[in-house]
Asks: 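What follows is a structure written as C-alpha coordinates; I'll ask about it next.
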Amino acid sequence: MTDNTPTLTPTQVAQTTKNIRLAGRFMREVLANPTLLERTPDGSTLMLLPNDDPDLAAANLDLATRITERGQEVRLQLVGAPTPDAEQWRPQDRRGFEFREMRPRWPDQPPAEQDLRVVYDGRRDVLRIDLYASGPKEIAVPLNDPLLVLIDLERQEAFGYLVLNFLAGAIRRSPGMATILAVADLRPLEVDELGGLVGPENGGGPINAEALTPAPSALREQIVAAVVNDLHRMSA
Amino acid sequence: MPETVYDIDLNGQGDVLRVQFATEAGAVVDFLVQYETTIDGQRKAVVRYDSHHGRGHRDMLNWNGRNYRKEWAPEGAGLGDVLTWAVDDLAANWERYRADFLRRRP
(Lines give C-alpha, C1' and ligand atoms only; values in the text may rest on other atoms or scores of the structure.)
Protein backbone atom coordinates (compact mmCIF):
# COMPACT_ATOMS: atom_id res chain seq x y z
CA MET A 1 0.00 0.00 0.00
CA THR A 2 1.48 3.38 -0.93
CA ASP A 3 1.50 6.19 1.59
CA ASN A 4 0.96 9.59 0.04
CA THR A 5 0.88 11.42 3.34
CA PRO A 6 3.01 14.51 2.91
CA THR A 7 6.17 14.58 4.96
CA LEU A 8 6.36 17.94 6.64
CA THR A 9 9.51 20.04 6.66
CA PRO A 10 10.76 21.43 9.99
CA THR A 11 9.42 24.83 8.91
CA GLN A 12 5.97 23.37 8.22
CA VAL A 13 6.01 21.55 11.56
CA ALA A 14 6.82 24.81 13.36
CA GLN A 15 4.13 26.66 11.40
CA THR A 16 1.58 23.96 12.27
CA THR A 17 2.34 24.16 15.99
CA LYS A 18 2.12 27.96 15.97
CA ASN A 19 -1.15 27.83 14.05
CA ILE A 20 -2.66 25.39 16.55
CA ARG A 21 -1.89 27.88 19.32
CA LEU A 22 -3.21 30.70 17.15
CA ALA A 23 -6.41 28.73 16.56
CA GLY A 24 -6.76 28.52 20.33
CA ARG A 25 -6.53 32.32 20.53
CA PHE A 26 -9.12 32.67 17.79
CA MET A 27 -11.48 30.31 19.62
CA ARG A 28 -10.96 32.23 22.84
CA GLU A 29 -11.93 35.43 20.97
CA VAL A 30 -15.11 33.69 19.79
CA LEU A 31 -15.94 32.56 23.33
CA ALA A 32 -15.53 36.13 24.54
CA ASN A 33 -17.35 37.67 21.60
CA PRO A 34 -19.75 35.24 19.87
CA THR A 35 -20.85 37.93 17.37
CA LEU A 36 -17.67 36.98 15.47
CA LEU A 37 -19.60 33.87 14.41
CA GLU A 38 -22.23 36.03 12.71
CA ARG A 39 -19.56 37.86 10.73
CA THR A 40 -17.73 34.76 9.53
CA PRO A 41 -19.79 32.53 7.24
CA ASP A 42 -20.41 28.97 8.40
CA GLY A 43 -18.28 26.45 6.50
CA SER A 44 -15.43 28.86 5.77
CA THR A 45 -11.85 27.73 5.51
CA LEU A 46 -9.84 30.19 7.57
CA MET A 47 -6.25 31.28 7.40
CA LEU A 48 -5.41 33.03 10.64
CA LEU A 49 -3.24 36.14 10.69
CA PRO A 50 -1.81 37.06 14.10
CA ASN A 51 -1.69 40.75 14.87
CA ASP A 52 1.49 40.42 16.92
CA ASP A 53 3.61 37.92 14.96
CA PRO A 54 4.58 39.41 11.59
CA ASP A 55 6.66 36.37 10.56
CA LEU A 56 3.78 33.94 11.07
CA ALA A 57 1.34 36.39 9.48
CA ALA A 58 3.58 36.67 6.40
CA ALA A 59 4.01 32.88 6.20
CA ASN A 60 0.25 32.33 6.50
CA LEU A 61 -0.51 35.01 3.93
CA ASP A 62 1.94 33.35 1.57
CA LEU A 63 0.16 30.06 2.21
CA ALA A 64 -3.23 31.65 1.54
CA THR A 65 -1.93 32.97 -1.77
CA ARG A 66 -0.78 29.49 -2.80
CA ILE A 67 -4.12 27.99 -1.74
CA THR A 68 -6.06 30.47 -3.87
CA GLU A 69 -3.71 29.81 -6.79
CA ARG A 70 -4.89 26.18 -6.59
CA GLY A 71 -8.42 27.49 -7.05
CA GLN A 72 -9.52 26.93 -3.43
CA GLU A 73 -11.31 29.53 -1.37
CA VAL A 74 -9.90 30.84 1.87
CA ARG A 75 -10.90 33.54 4.29
CA LEU A 76 -8.32 35.60 6.14
CA GLN A 77 -9.08 36.10 9.80
CA LEU A 78 -7.19 38.54 12.01
CA VAL A 79 -6.44 37.29 15.51
CA GLY A 80 -5.36 39.47 18.40
CA ALA A 81 -6.32 42.77 16.79
CA PRO A 82 -7.26 45.36 19.41
CA THR A 83 -10.94 46.12 19.79
CA PRO A 84 -11.79 49.73 18.89
CA ASP A 85 -12.09 51.92 21.98
CA ALA A 86 -15.18 53.71 20.75
CA GLU A 87 -18.35 51.67 21.15
CA GLN A 88 -19.89 53.06 17.95
CA TRP A 89 -16.89 51.90 15.87
CA ARG A 90 -17.12 48.29 16.97
CA PRO A 91 -19.84 47.20 14.51
CA GLN A 92 -17.51 48.36 11.71
CA ASP A 93 -14.54 46.41 13.08
CA ARG A 94 -13.62 43.88 10.40
CA ARG A 95 -11.60 40.85 11.47
CA GLY A 96 -12.18 38.64 8.46
CA PHE A 97 -12.43 38.95 4.74
CA GLU A 98 -12.52 36.74 1.68
CA PHE A 99 -9.21 36.26 -0.04
CA ARG A 100 -9.30 35.25 -3.66
CA GLU A 101 -7.04 35.41 -6.61
CA MET A 102 -8.21 37.53 -9.51
CA ARG A 103 -6.88 37.20 -13.01
CA PRO A 104 -9.04 39.74 -14.76
CA ARG A 105 -8.70 40.34 -18.46
CA TRP A 106 -10.39 42.62 -20.93
CA PRO A 107 -13.24 41.06 -22.92
CA ASP A 108 -12.31 39.72 -26.35
CA GLN A 109 -14.97 41.68 -28.20
CA PRO A 110 -14.69 45.45 -28.78
CA PRO A 111 -16.81 47.79 -26.65
CA ALA A 112 -20.36 48.42 -27.83
CA GLU A 113 -21.51 52.01 -28.08
CA GLN A 114 -24.58 51.46 -25.89
CA ASP A 115 -22.40 50.32 -22.99
CA LEU A 116 -20.14 53.35 -23.11
CA ARG A 117 -20.58 55.63 -20.12
CA VAL A 118 -18.43 58.54 -19.02
CA VAL A 119 -19.02 60.31 -15.72
CA TYR A 120 -16.98 63.09 -14.19
CA ASP A 121 -17.47 63.84 -10.50
CA GLY A 122 -16.14 67.36 -10.10
CA ARG A 123 -16.45 67.35 -6.33
CA ARG A 124 -14.19 64.33 -6.00
CA ASP A 125 -12.22 65.09 -9.19
CA VAL A 126 -12.79 61.49 -10.33
CA LEU A 127 -13.46 60.38 -13.88
CA ARG A 128 -15.19 57.06 -14.50
CA ILE A 129 -15.26 55.45 -17.92
CA ASP A 130 -17.31 52.30 -18.50
CA LEU A 131 -16.37 50.61 -21.76
CA TYR A 132 -18.46 47.49 -21.17
CA ALA A 133 -21.63 46.71 -19.22
CA SER A 134 -20.92 45.49 -15.70
CA GLY A 135 -22.65 43.31 -13.13
CA PRO A 136 -23.72 44.30 -9.62
CA LYS A 137 -20.40 43.47 -7.94
CA GLU A 138 -17.39 45.52 -8.94
CA ILE A 139 -14.09 46.58 -7.52
CA ALA A 140 -11.49 49.16 -8.49
CA VAL A 141 -7.94 47.84 -8.56
CA PRO A 142 -5.07 50.35 -8.61
CA LEU A 143 -2.84 50.04 -11.67
CA ASN A 144 -0.70 53.08 -11.12
CA ASP A 145 -1.20 56.55 -9.79
CA PRO A 146 -3.84 57.88 -10.60
CA LEU A 147 -5.37 55.05 -12.61
CA LEU A 148 -7.59 52.21 -11.39
CA VAL A 149 -9.13 49.50 -13.50
CA LEU A 150 -12.74 48.52 -12.81
CA ILE A 151 -13.28 44.77 -12.48
CA ASP A 152 -16.57 42.89 -12.67
CA LEU A 153 -16.14 40.43 -9.81
CA GLU A 154 -18.52 37.81 -11.17
CA ARG A 155 -17.13 37.72 -14.70
CA GLN A 156 -13.57 38.52 -13.57
CA GLU A 157 -13.35 40.96 -16.46
CA ALA A 158 -12.11 44.50 -16.66
CA PHE A 159 -14.79 46.85 -17.92
CA GLY A 160 -13.56 50.39 -17.40
CA TYR A 161 -11.35 52.87 -15.61
CA LEU A 162 -11.44 55.22 -12.69
CA VAL A 163 -9.06 58.15 -12.89
CA LEU A 164 -8.41 59.87 -9.57
CA ASN A 165 -7.29 63.51 -9.38
CA PHE A 166 -8.32 63.87 -12.99
CA LEU A 167 -7.95 67.62 -13.36
CA ALA A 168 -5.43 68.04 -10.58
CA GLY A 169 -3.04 65.38 -11.88
CA ALA A 170 -3.97 63.11 -14.77
CA ILE A 171 -4.51 65.68 -17.49
CA ARG A 172 -1.22 67.34 -16.63
CA ARG A 173 0.45 64.13 -17.70
CA SER A 174 -1.76 63.76 -20.74
CA PRO A 175 -3.46 67.09 -21.55
CA GLY A 176 -5.42 65.66 -24.48
CA MET A 177 -7.57 63.74 -22.03
CA ALA A 178 -9.32 66.95 -21.01
CA THR A 179 -11.51 66.57 -24.10
CA ILE A 180 -13.33 63.71 -22.37
CA LEU A 181 -15.16 66.28 -20.25
CA ALA A 182 -17.02 67.37 -23.36
CA VAL A 183 -18.78 64.00 -23.50
CA ALA A 184 -18.95 63.24 -19.79
CA ASP A 185 -22.05 63.09 -17.70
CA LEU A 186 -21.24 65.70 -15.05
CA ARG A 187 -22.58 64.49 -11.74
CA PRO A 188 -21.45 63.14 -8.39
CA LEU A 189 -20.54 59.46 -8.48
CA GLU A 190 -22.51 57.21 -6.18
CA VAL A 191 -20.52 55.34 -3.55
CA ASP A 192 -21.12 52.04 -5.34
CA GLU A 193 -19.70 53.53 -8.54
CA LEU A 194 -16.35 54.06 -6.86
CA GLY A 195 -15.34 50.41 -6.84
CA GLY A 196 -14.94 50.19 -3.08
CA LEU A 197 -13.19 53.53 -2.82
CA VAL A 198 -14.75 56.57 -1.31
CA GLY A 199 -12.93 59.62 -2.48
CA PRO A 200 -12.57 62.89 -0.64
CA GLU A 201 -15.77 64.87 -0.56
CA ASN A 202 -14.10 68.12 -1.40
CA GLY A 203 -11.19 67.11 -3.59
CA GLY A 204 -12.84 69.20 -6.31
CA GLY A 205 -11.39 70.27 -9.57
CA PRO A 206 -10.67 73.88 -10.33
CA ILE A 207 -13.51 74.22 -12.85
CA ASN A 208 -17.23 74.35 -12.54
CA ALA A 209 -17.88 71.09 -14.30
CA GLU A 210 -21.66 71.61 -14.33
CA ALA A 211 -21.13 74.62 -16.57
CA LEU A 212 -19.59 72.61 -19.38
CA THR A 213 -21.70 71.97 -22.46
CA PRO A 214 -21.79 68.36 -23.69
CA ALA A 215 -20.20 67.79 -27.09
CA PRO A 216 -22.34 66.83 -30.09
CA SER A 217 -22.93 63.09 -30.15
CA ALA A 218 -21.02 62.68 -33.42
CA LEU A 219 -17.82 63.60 -31.65
CA ARG A 220 -18.47 61.41 -28.65
CA GLU A 221 -16.97 58.15 -29.89
CA GLN A 222 -13.97 59.89 -31.37
CA ILE A 223 -13.19 61.73 -28.14
CA VAL A 224 -13.69 58.70 -25.95
CA ALA A 225 -11.53 56.53 -28.22
CA ALA A 226 -8.68 59.03 -28.01
CA VAL A 227 -8.87 59.22 -24.22
CA VAL A 228 -9.18 55.45 -23.81
CA ASN A 229 -6.04 55.08 -25.90
CA ASP A 230 -4.31 57.44 -23.48
CA LEU A 231 -5.59 55.40 -20.53
CA HIS A 232 -4.48 52.08 -22.04
CA ARG A 233 -1.06 53.62 -22.60
CA MET A 234 -0.95 54.88 -19.00
CA SER A 235 -1.97 51.45 -17.69
CA ALA A 236 0.69 49.56 -19.64
CA MET B 1 -28.92 24.72 18.97
CA PRO B 2 -27.26 26.67 16.10
CA GLU B 3 -23.83 25.35 15.14
CA THR B 4 -21.05 27.00 13.16
CA VAL B 5 -18.14 25.09 11.67
CA TYR B 6 -14.83 26.39 10.36
CA ASP B 7 -11.77 24.68 8.97
CA ILE B 8 -8.51 26.32 9.96
CA ASP B 9 -5.69 25.51 7.56
CA LEU B 10 -2.53 24.78 9.52
CA ASN B 11 0.17 24.34 6.89
CA GLY B 12 -1.25 24.06 3.36
CA GLN B 13 -0.36 20.35 3.37
CA GLY B 14 -3.80 19.04 4.29
CA ASP B 15 -3.48 19.44 8.07
CA VAL B 16 -6.57 21.21 9.33
CA LEU B 17 -8.31 22.05 12.57
CA ARG B 18 -12.05 21.69 12.26
CA VAL B 19 -13.67 23.83 14.94
CA GLN B 20 -17.33 23.85 15.77
CA PHE B 21 -19.24 26.19 18.04
CA ALA B 22 -22.74 25.64 19.42
CA THR B 23 -24.55 28.75 20.61
CA GLU B 24 -27.60 29.38 22.73
CA ALA B 25 -29.11 32.83 23.20
CA GLY B 26 -26.02 34.40 21.65
CA ALA B 27 -23.51 32.67 23.89
CA VAL B 28 -21.17 29.80 23.03
CA VAL B 29 -22.25 26.81 25.10
CA ASP B 30 -20.15 24.06 23.52
CA PHE B 31 -17.23 23.67 21.18
CA LEU B 32 -15.41 20.92 19.39
CA VAL B 33 -11.87 20.93 17.99
CA GLN B 34 -10.80 18.16 15.64
CA TYR B 35 -7.32 17.76 14.18
CA GLU B 36 -7.48 16.26 10.70
CA THR B 37 -4.80 15.22 8.27
CA THR B 38 -5.03 14.32 4.61
CA ILE B 39 -4.02 10.88 3.44
CA ASP B 40 -4.29 9.77 -0.18
CA GLY B 41 -6.43 12.84 -0.85
CA GLN B 42 -8.89 12.03 1.95
CA ARG B 43 -9.32 14.00 5.15
CA LYS B 44 -9.01 11.82 8.24
CA ALA B 45 -9.84 12.90 11.79
CA VAL B 46 -7.00 12.01 14.17
CA VAL B 47 -8.04 13.44 17.52
CA ARG B 48 -11.05 15.34 18.79
CA TYR B 49 -11.55 17.58 21.80
CA ASP B 50 -15.12 18.08 22.81
CA SER B 51 -16.74 20.14 25.55
CA HIS B 52 -20.07 18.31 25.11
CA HIS B 53 -21.69 16.15 27.76
CA GLY B 54 -20.96 18.67 30.47
CA ARG B 55 -17.32 17.68 30.76
CA GLY B 56 -14.49 18.20 28.29
CA HIS B 57 -12.82 15.17 26.85
CA ARG B 58 -10.38 13.99 24.21
CA ASP B 59 -11.17 11.19 21.78
CA MET B 60 -8.33 9.47 19.97
CA LEU B 61 -9.79 8.26 16.71
CA ASN B 62 -9.33 5.18 14.63
CA TRP B 63 -8.89 4.98 10.90
CA ASN B 64 -12.67 4.42 10.57
CA GLY B 65 -13.43 7.57 12.57
CA ARG B 66 -14.40 5.72 15.76
CA ASN B 67 -13.16 6.62 19.17
CA TYR B 68 -10.71 4.09 20.60
CA ARG B 69 -9.51 5.97 23.66
CA LYS B 70 -11.18 8.67 25.73
CA GLU B 71 -9.55 10.96 28.25
CA TRP B 72 -11.37 13.46 30.40
CA ALA B 73 -10.45 17.06 31.08
CA PRO B 74 -10.02 18.00 34.75
CA GLU B 75 -13.34 17.91 36.57
CA GLY B 76 -15.13 21.22 37.00
CA ALA B 77 -13.29 22.84 34.10
CA GLY B 78 -15.24 25.58 32.31
CA LEU B 79 -15.25 26.15 28.56
CA GLY B 80 -12.15 28.36 28.68
CA ASP B 81 -10.26 25.80 30.77
CA VAL B 82 -11.19 22.97 28.44
CA LEU B 83 -10.02 25.05 25.49
CA THR B 84 -6.66 25.73 27.15
CA TRP B 85 -6.30 22.03 28.00
CA ALA B 86 -7.11 21.02 24.42
CA VAL B 87 -4.85 23.53 22.69
CA ASP B 88 -1.91 22.85 25.01
CA ASP B 89 -2.26 19.11 24.50
CA LEU B 90 -2.60 19.33 20.73
CA ALA B 91 0.22 21.86 20.24
CA ALA B 92 2.56 19.63 22.27
CA ASN B 93 1.55 16.27 20.81
CA TRP B 94 0.02 16.62 17.33
CA GLU B 95 3.06 15.19 15.55
CA ARG B 96 2.98 12.09 17.71
CA TYR B 97 -0.79 11.71 17.35
CA ARG B 98 -0.40 11.94 13.58
CA ALA B 99 2.41 9.39 13.49
CA ASP B 100 0.46 7.00 15.77
CA PHE B 101 -2.60 7.40 13.57
CA LEU B 102 -0.60 6.49 10.47
CA ARG B 103 0.79 3.43 12.24
CA ARG B 104 -2.78 2.28 12.92
CA ARG B 105 -3.53 2.28 9.24
CA PRO B 106 -5.18 -1.06 8.41
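Atom set for the values below is all heavy atoms of this structure, side chains included, hydrogens, waters and symmetry mates excluded. Quick note on labels: first sequence line is chain A, next is B, and so on, each numbered from 1.
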Asks: Can you find a side-chain donor-acceptor pair between A/S134 and A/R155 that sits under 3.5 Å?
Replies: no

Asks: Is A/T11 in contact with chain B via its backbone, its side chain, both, or neither, using a 4.5 Å heavy-atom distance?
Replies: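 Contact with chain B is absent: no heavy atom of A/T11 under 4.5 Å.
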
Asks: For chain B, which of A/A23, A/S44, A/G24 has the most heavy-atom pairs under 4.5 Å?
Replies: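 Top count of heavy-atom pairs under 4.5 Å with chain B: A/S44.
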
Asks: What part of B/V5 gets within 4.5 angstrom of chain A, counting heavy atoms only: side chain, backbone, both, or neither?
Replies: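 For B/V5, backbone and side chain are both near chain A.
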
Asks: Counting only non-hydrogen atoms closer than 4.5 Å, does B/L17 touch chain A with its backbone (N, CA, C, O), its side chain (CB onward), both, or neither?
Replies: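 Only the side chain of B/L17 comes within 4.5 Å of chain A.
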
Asks: Taking 4.0 angstrom as the limit, do B/R105 and B/D40 come out as a salt bridge?
Replies: yes

Asks: Quick one: what part of A/L37 sits under 4.5 Å from any heavy atom of chain B, side chain, backbone, both or neither?
Replies: both

Asks: Quick check on the interface: out of A/N60, A/T17, A/T35, who has the most heavy-atom pairs with chain B under 4.5 Å?
Replies: A/T17

Asks: Answer yes or no: is there an ion pair linking A/R25 with A/D53, defined by an N-O contact shorter than 4.0 Å?
Replies: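 Salt bridge between A/R25 and A/D53, a charged N being under 4.0 Å from a carboxylate O: no.
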
Asks: So for B/V16, is it side chain, backbone, both, or neither that comes closer than 4.5 Å to the heavy atoms of chain A?
Replies: neither

Asks: Should B/R58 and B/E71 count as an ion pair when the cut-off is N to O under 4.0 Å?
Replies: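 The answer is yes: the pair qualifies as a salt bridge.
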
Asks: Is it the backbone or the side chain of A/R66 that comes under 4.5 Å from a heavy atom of chain B, or both, or neither?
Replies: neither

Asks: Using 30° and 60° as the class boundaries, would you call the ring planes of B/F101 and B/W63 parallel, tilted or perpendicular?
Replies: parallel

Asks: Of the backbone (N, CA, C, O) and the side chain (C-beta and beyond), which part of A/L36 lies under 4.5 Å from a heavy atom of chain B, both, or neither?
Replies: backbone

Asks: At a 4.5 Å cut-off on heavy atoms, which part of A/V74 comes close to chain B: side chain, backbone, both, or neither?
Replies: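 Neither part, no heavy atoms under 4.5 Å.
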
Asks: For atom CG of A/D85, decide whether the heavy atoms of other residues, nucleotides or ligands shown that lie under 6.0 angstrom number more than 12.
Replies: no

Asks: With a 4.5 angstrom heavy-atom cut-off, could you sort out which part of A/R75 is near chain B: side chain, backbone, both or neither?
Replies: neither

Asks: So which of B/L10, B/V28, B/I8 has the biggest tally of heavy-atom pairs under 4.5 Å with chain A?
Replies: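 Maximum pair count with chain A is reached by B/L10.
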
Asks: Flag the pair A/R128 and A/E138 as a salt bridge only when some basic side-chain nitrogen lies within less than 4.0 angstrom of an acidic carboxylate oxygen.
Replies: yes

Asks: Is it true that A/R117 and A/E193 have a side-chain N and a carboxylate O under 4.0 angstrom from each other?
Replies: yes

